[in-house]
Amino acid sequence: PEAGRPHVATSQPPPFISSPLPPPCLSSSTRRKETPPNPISSPPLPSARPNPIRSPPSSSVAMGRKFFVGGNWKCNGTVEQVESIVNTLNAGQIASTDVVEVVVSPPYVFLPTVKGKLRPEIQVAAQNCWVKKGGAFTGEVSAEMLVNLGVPWVILGHSERRSLMGESSEFVGEKVAYALAQGLKVIACVGETLEQREAGSTMAVVAEQTKAIADKIKDWTNVVVAYEPVWAIGTGKVASPAQAQEVHANLRDWLKTNVSPEVAESTRIIYGGSVTGASCKELAAQPDVDGFLVGGASLKPEFIDIINAATVKSA
């Protein structure tokens, strides 16, 4: 219920391509003062672990993991703004589907419009779905409804839903399992808060969130894992390429040990957290970074540049 909803930091999303965005969909009572961007002179955030486990020798291309770029539009947009974004994506020069898989996730109400007007090589995703079959669940959208609309992907476990809606790791795991069982593909989000990173518990948190999914599913073929450090979402702070690579490598090792070596090698682990056209190429060059889940920048023309960062892997 709204009265018991926890307070979390949110930030104003960047402008849309053609016109200013409406205010975010959170009420003023749920917003805390925005965290300012990291000054250049500030020290780097602590490592996820005192000693990183490894530096993988092989690239994602060698392992057959096609680069994946998702655009999460969150709770933003009008009919006119969405049309402008779609027009920009349709006109953009992007890498071929042999190099990159692209998915955009507009709000529910725009899914049919975007799916109908967007170029066919860019897929669409819902931003959430219910944990079971539809029925007396006011305000929810079921996986079956998404399948009926021809929506192939869904984002589950995003930190905003974990914190604002109180979704536990176990609940997210159940949602992932149900969505997969209905034939959807899932972008499953994991990530730590700033306090958890500073306490040195990044990998413990990410492993716990991933384990809750692994406990519920057997087949990872249609799962993309999105590592999104909560402290980097919408704040202007970005994990350094080394920080992102460290967590991705450790998470891949966790999958190898706790699921299987085959799943570890084939599962795409993408990075999310203030990814921009300026930061994407260096991040994409990391061996265990298999793509991005992009927030605010997916509403802007630079999203084309982020998509094309995939060519770094095939160069």
Side-chain angles (χ1 to χ4, degrees), residues 1-14 16 21-35 37 69-77 103-111 124-131 137 139-141 146 153-176 179 186-197 202 205-206 208-210 212-213 224-239 247 270-276 292-299 303:
E2 294 187 3
R5 187 173 289 176
H7 290 254
V8 296
T10 62
S11 58
Q12 186 76 7
F16 266 81
L21 279 173
C25 294
L26 302 179
S27 66
S28 60
S29 63
T30 62
R31 291 198 294 269
R32 187 183 295 172
K33 185 177 180 182
E34 181 180 355
T35 305
V69 178
N72 182 9
W73 297 1
K74 305 191 179 184
C75 189
N76 293 305
V103 176
V104 295
S105 187
Y108 284 129
V109 294
F110 298 123
L111 276 169
V124 295
Q127 296 176 17
N128 180 50
C129 69
W130 183 230
V131 70
F137 306 107
E140 290 293 343
V141 172
L146 298 178
W153 287 89
V154 62
I155 299 171
L156 295 173
H158 194 280
S159 65
E160 289 158 4
R161 294 201 61 86
R162 291 177 186 265
S163 60
L164 289 172
M165 310 304 175
E167 294 189 356
S168 67
S169 294
E170 292 71 23
F171 187 62
V172 171
E174 291 173 1
K175 291 172 77 171
V176 171
V186 175
I187 302 167
C189 302
V190 299
E192 84 284 9
T193 64
L194 180 59
E195 293 75 17
Q196 289 165 336
R197 172 167 279 270
T202 291
V205 171
V206 172
E208 178 270 331
Q209 293 169 340
T210 308
I213 296 169
V224 170
V225 177
Y227 167 61
E228 292 198 300
V230 180
W231 48 268
I233 298 174
T235 63
K237 297 180 180 181
V238 184
V247 177
I270 63 176
Y271 171 78
S274 298
V275 177
T276 66
F292 306 115
L293 184 57
V294 185
S298 69
L299 308 174
F303 188 55

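None of these values were measured; they are calculated from a predicted model.
- Put simply, the side chain of Q209 does not reach to within 4.5 Å of the side chain of C189, judged on heavy atoms.
- Every side-chain contact (heavy atoms from CB on, under 4.5 Å) that E167 has, sequence neighbours left out, goes to N128, R161, M165, F171, V172, K175.
- Taking 4.5 Å as the limit, some side-chain heavy atom of I233 sits within range of a side-chain heavy atom of H158.
- Here the CG-CD1 distance, from L293 to I187, works out to 6.0 Å after rounding to the nearest 0.5 Å.
- Looking at heavy atoms from C-beta onward, P107 lies in side-chain contact with Q127 at the 4.5 angstrom threshold.
- Summarising the geometry of G71 relative to S298, their closest heavy-atom pair is CA-CB, 3.6 Å, with the distance given to 0.1 Å.
- Legend: residues meeting ring pair (Phe, Tyr, Trp, His ring centres under 6.0 Å) with Y227, ordered by chain and number and at least two apart, are H248.
- Contact detail for E192 and W231: the closest heavy-atom pair is OE2-NE1, 3.0 Å.
- The two residues N76 and F110 come nearest to each other via the heavy atoms O-CE1, 4.4 Å.
- Summarising the geometry of Y271 relative to A232, their closest heavy-atom pair is OH-CB, 3.8 Å, with the distance given to 0.1 Å.
- For the residue pair S105 and A125, the shortest heavy atom distance occurs at OG-O, 2.9 Å.
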Handout entry: Verdict with supporting geometry, Y108 and L146, side chain to side chain contact (heavy atoms under 4.5 Å, CB included)
Key = CA-CA 9 Å; Y108 284 129; L146 298 178; 4.3 Å; yes

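- For E228, there are no salt bridge (charged side-chain N to carboxylate O under 4.0 Å, His left out) partners, not counting sequence neighbours.
- A search for ring pair (Phe, Tyr, Trp, His ring centres under 6.0 Å) contacts involving F292 returns F67, not counting sequence neighbours.
- In this structure, the side chains of L111 and P106 come closer than 4.5 Å at one or more pairs of heavy atoms.
- Partners of T193 under the side-chain contact (heavy atoms from CB on, under 4.5 Å) rule, at least two apart in sequence or in another chain, are E195, Q196, V230.
- Residues S274 and G236 approach most closely at OG-N, 3.3 Å, considering heavy atoms.
- The line from CD1 of I213 to CD of E174 is 12.0 Å long, rounded to the nearest 0.5 Å.
- Side-chain contact between F137 and V131 is absent, with no heavy-atom pair separated by less than 4.5 Å.
- Under the side-chain contact (heavy atoms from CB on, under 4.5 Å) criterion, V186 pairs with V154, L156, V176, A179, L180, A188, sequence neighbours left out.
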